[in-house]
Amino acid sequence: MKRLAGTALVAAALLALPLATQSDFVLTILVFAFLQGMLAVSFNLVFGYAGQLSMFHAAAFGIAAYATHLFGKHLGVGYWGGVVLAAALVAAISVVVGAICFRFRLREFYFAVVTLAFSEMARLTVLNWNSMTNGSLGINLQERPIDGTLAWYYVALGALAITLVVCWRLVHSWMGRAFVAIRLNDELGDTLGINVFRYKLVAFTAGSIMAAFAGSLYAYFLGSLEPGLLSIDTSLGIIAMVLLGGRRAVAAPVLGALVLTALPHLIHFSAEIRSLVYGAILIFSILVMPQGIYGAAAQLIRRHA
Amino acid sequence: MTQLIAGQLLNGAIVGTLYGIVALGVTLTFGITGIVNFALGVFMMLGAYAAWYFADTVGLPYPLAVLAAVGVTAAAGLAADQALFRFTRNNLVNGLLVSLGLIAVLEACALLVFTATPKEMHRVLPGIVMLGGLVLPKMKLVVFALLLTVIFATYAALTRTWTGRAAYAYAQNPEAAALMGVATARLQSGVVVYSCGLAGLGGALYAALYSLEPTLGSLFILKAVEAAILAGIGSVTGALLGGVILGVTEGVGSIYLPLAFRDAYGLVFLVLILLFKPAGLFAGRR
Amino acid sequence: MTRHMVAVLGAAALGVSFAAQAQDVVKIGQIEAQTGTLATYGWMGYQGARLAIDEINRAGGFKVGAKTYKLELVSQDTRGNPQEALIQIKGLLEQQRVKYVFGPFLTNVFNGIEPYATQNNGKFLMMGGATAIHAMLGKPNHEYLIRTWNWDAGASGFGQLMVDYLKQQGAKKTAMLFQNDAFGKVAVDIYSPIFQKAGIELQIELFEPGTKDYSAPLAKLAAGKPEFLFPGYTDAVLYDIVRQATETGLFKRFFLVRGSMGPGLKNKDLIDDYIAYLPKYFEEAEKKEPKVKAFVAAYKQFYKTNEFPYDQAPLCSSSCYDHVYMLVEAMKKAGTVDDVAKVKQALLSENYHGLWNLRYDASGEAVFDFDVLHMRKGGAITATRVTPH
């Protein structure tokens with residue numbers, strides 16, 4: 001009950017925020033934070049809950065961004081049609097990649113390496129398929145399916161909310177319990193009759209689809225496409241957000257996304273310091289604070305409750 | 001055309017030994033500490049910058065600069081081991097994440113200290129060698145010979161010395177080795193330090209051939225991991241072979257196929273190997 | 001009593017008017033990558049603009065109409081990231097109310113901020129060097145855009161003039177080795193027709209960014225027996241390409257439209273000809289041109305250093321020192337600091353003589369005089385000044 005009240009309060013505050021500040025600057029930061037939050041939360045479904053370190057997330061994000069534009073342009077389906085088709089494409093690719101990996105019983109680390117390889121191959125394809133993607137020059141997106149930062153704010157907030165709800169339902173269903181079992185010990189899960197292969201595939205595909213939606217929205221908010229969307233740096237950023245925010249609660253990664261998106265504009269980092277901070281977050285989180293901000297805060301509250 | 005191919009075979013083999021020395025570090029680290037140390041790429045970068053600094057700024061003769069660079073890298077490896085890797089033994093995912101973090105930190109430091117402006121060492125051994133119709137810089141041959149020597153020396157050490165055989169035994173069966181008196185913790189730290197030293201050597205030699213920038217490690221580590229996986233754990237010569245195969249494939253492949261896809265070949269190889277020689281490729285470890 | 005009061009009131013009035021004058025500030029925004037791996041392009045712009053603004057302010061500012069104005073630099077570090085840049089430009093336009101923005105140099109950054117900038121067309125001017133800006137000049141709703149780097153092609157293009165010089169050296173076949181990235185693609189599109197028109201055969205190879213060992217593409221290209229190698233375009237790759245090409249004896253003559261003389265000088269004993277485009281050869285210009293000499297001295301004094309960045313200084317031909325002064329002249333000529341349309345008109349009609357002889361063509365793209373550097377075996381460099389039409 002307390003948690004529901006808390007969530008409602010936060011939701012109300014976020015919905016009402018544009019009334020308090022008309023600043024395009026602030027709203028833009030928040031839109032980016034929400035979209036990055038979608039990426040982080042969906043990644044956490046695969047990594048935090050199902051225990052699979054997927055380096056394919058950035059690729060799903062980037063492929064969907066490009067696909068939305070290309071489907072819209074070449075098939076004449078418009079933006080929203082493009083979004084749906086892009087998500088379908090990413091789902092198909094994820095099923096293939098996931099099936100290959102899980103069928104061959106690749107454990108977490110090798111899964112990470114192979115998804116990294118697929119991700120790099122996707123990036124190289126986007127980079128070199130000049131006729132379709134304009135290669136490294138990128139594409140300027142002319143369409144404005146959603147006009148104005150205020151509209152984008154509510155769309156992004158809504159998309160994040162939907163992502164959170166979907167992940168929450170998944171995690172709290174029998175599927176979610178299977179995920180946890182797989183994360184803890186997938187060989188044991190096998191002997192208990194859990195179809196490990198199928199659940200890993202479901203988690204991976206579901207996560208990738210949500211990343212795809214994030215990609216479609218992000219690219220059109222930014223107004224341009226570039227192959228850098230699929231780079232390892234994007235993957236690293238997602239991992240950093242999740243580790244910073246926390247892995248054990250569905251909404252925890254959003255904290256990480258908020259901090260990492262907004263912080264560079266409150267404190268002025270040079271690029272080198274920013275990389276240093278990201279690296280330090282990774283190291284620090286693994287060694288000292290594996291629960292992330294959310295977990296640490298929850299621990300504190302519990303201790304003083 | 002045949003001359004072109006022959007030239008690329010030779011060049012590919014040489015570039016392959018650079019991949020191989022880092023791959024050797026990867027494979028040793030995996031066998032003894034149970035993680036894949038992606039950070040070996042930045043240790044190579046450290047070694048390269050250290051060698052450049054000692055040779056060009058401090059003015060040491062090149063061989064001394066190389067030794068000093070190896071020393072610096074090994075020391076850095078020890079520090080990283082005690083502070084970070086010691087806590088991620090046998091935890092592949094954490095090891096990966098910590099390595100990624102270390103890479104970001106060290107590359108940022110290098111960027112701050114040296115900036116992105118490329119650095120080039122003075123020409124240590126100018127001049128070329130003619131092999132039939134092929135032209136090869138002398139320094140490349142020297143690097144080739146040196147790396148081969150070190151790799152085979154490592155092999156000899158692993159099979160002949162007590163420490164080496166202890167390491168081998170440990171990789172096969174850690175509990176039994178510990179019971180037989182192998183100092184586990186020291187062995188593990190020792191291997192990490194040695195691997196970083198190897199990467200540092202690779203970097204120091206790299207510095208004599210190519211220009212330096214802070215991100216030079218990231219390209220090499222991916223290739224090194226591909227080479228290590230290609231060959232298999234516990235196989236010192238395998239690491240070398242893997243590196244050479246990779247180097248040659250890239251070089252010869254570039255003649256026929258678009259250069260722009262060069263990096264993709266290695267990736268496809270990697271995926272295929274991981275799929276068809278399944279996790280059992282790294283036999284002996286979980 | 002009354003006299004005292006009058007004195008006080010008089011002083012107060014004077015004080016108020018002084019304060020009002022001191023508050024007349026024109027903010028100049030800057031949006032460049034100052035740090036990170038792509039910082040080469042933005043760093044010099046930052047250094048030069050800061051120096052110019054300091055000089056102008058110390059001289060008492062500048063007068064437009066009856067008012068005296070000072071300048072204030074509001075500089076943002078994009079780190080080469082379009083997401084950061086978009087947030088920063090919103091801050092610049094919305095919160096800082098900046099009307100004049102220098103930058104960006106990076107194409108991916110420009111692509112990220114272009115939609116927002118276009119929405120605000122008419123409210124500000126953006127003067128940047130990005131390649132992607134070229135395609136946007138003259139498009140509807142893009143009047144805010146000015147490009148401060150020259151273009152290789154076109155009537156006033158420097159590429160044409162460079163190839164003319166190359167032809168005089170007797171080139172019949174040239175091998176082009178460029179990165180497979182943003183500028184690489186554009187370069188191929190620009191130079192293929194120029195070389196064709198000049199009657200020089202061009203053989204093209206593109207390599208993956210991050211390549212270090214060029215033995216394969218160099219061998220492939222050398223098989224065609226060209227006279228010149230045309231490699232591009234950043235120093236990072238040039239050092240390796242030139243070294244590997246010369247140490248194996250595959251190439252002895254080089255032609256460049258980007259990059260510094262560094263790679264050539266490092267291999268000077270193995271090179272017969274090293275021809276490079278450089279906005280200005282500062283080492284020599286410092287001795288021959290008084291304005292350049294003054295600039296170098298002012299730079300050293302302002303930044304309290306004995307070292308002048310000779311390798312970076314040529315990049316000051318874009319969104320840098322001269323451009324601040326040029327903007328001020330334009331504001332004076334237009335008689336306004338707020339009406340950006342009038343200021344742009346004044347800018348486009350100006351012929352500015354500073355470190356460079358700068359002007360903008362009708363579309364808003366910079367044209368300036370540049371140097372063709374020719375290094376011969378042993379390292380002797382001759383610089384030929386070329387003025388485009």
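Labels below follow one simple rule: chain letters A, B, ... track the order of the sequence lines, proteins then strands, and each chain is numbered from 1.
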Between A:Asn140 and chain C, with a heavy-atom cut-off of 4.5 Å, which part of the residue counts as in contact: side chain, backbone, both or neither? side chain
Do any of residues 32-44 of chain A have a heavy atom less than 4.5 Å from a heavy atom of chain C, and if so, which, in residue order? A:Phe32, A:Gln36
For residues C:Pro115 and A:Gln142, determine if any side-chain heavy atom of one lies less than 4.5 Å from a side-chain heavy atom of the other. no
CZ of A:Phe284: more than 12 outside heavy atoms within 6.0 angstrom? no
Step-by-step side chain to side chain contact (heavy atoms under 4.5 Å, CB included) determination, C:Glu94 to A:Val26: CA-CA 11 Å; C:Glu94 189 190 277; A:Val26 171; over 6 Å; no
Using the salt bridge (charged side-chain N to carboxylate O under 4.0 Å, His left out) criterion, which residues pair with C:Glu365? Sequence neighbours excluded. C:Arg147
Do C:Arg79 and A:Pro264 have side-chain heavy atoms sitting under 4.5 Å apart? yes
How long is the straight-line distance from CG of A:Leu27 back to CD1 of C:Ile87, given to the nearest 0.5 Å? 11.5 Å
Using non-hydrogen atoms only, which part of C:Leu86 is less than 4.5 Å away from chain A: side chain, backbone, both, or neither? side chain
Residue part contacting chain A, namely of C:Gln83, when any heavy atom lies under 4.5 Å: both
Nearest heavy-atom approach of C:Lys90 to A:Phe221 is NZ-CZ, 4.4 Å
Proximity breakdown for A:Thr149 and chain C, heavy-atom pairs closer than 4.5 Å: side chain
Can you tell me how far the CG atom of C:Asn108 sits from the CG atom of A:Leu222, to the nearest 0.5 Å? 9.5 Å
To the nearest 0.5 Å, tell me how far C:Asn81 CG sits from A:Arg274 CZ. 6.0 Å
Which bit of A:Asn134 comes within less than 4.5 Å of chain C, counting heavy atoms only: side chain, backbone, both or neither? both
Check each atom of C:Asn111 against the heavy atoms of chain A and say whether the ones under 4.5 Å are side chain, backbone, both or neither. both
Under 3.5 Å, is there a donor-acceptor pair linking the side chains of C:Glu84 and A:His265? yes
Can you confirm whether the side chains of A:Ser224 and C:Glu114 place a donor and an acceptor under 3.5 Å from each other? no
What distance do A:Phe25 atom CZ and C:Leu92 atom CG have between them, rounded to the nearest 0.5 Å? 9.0 Å
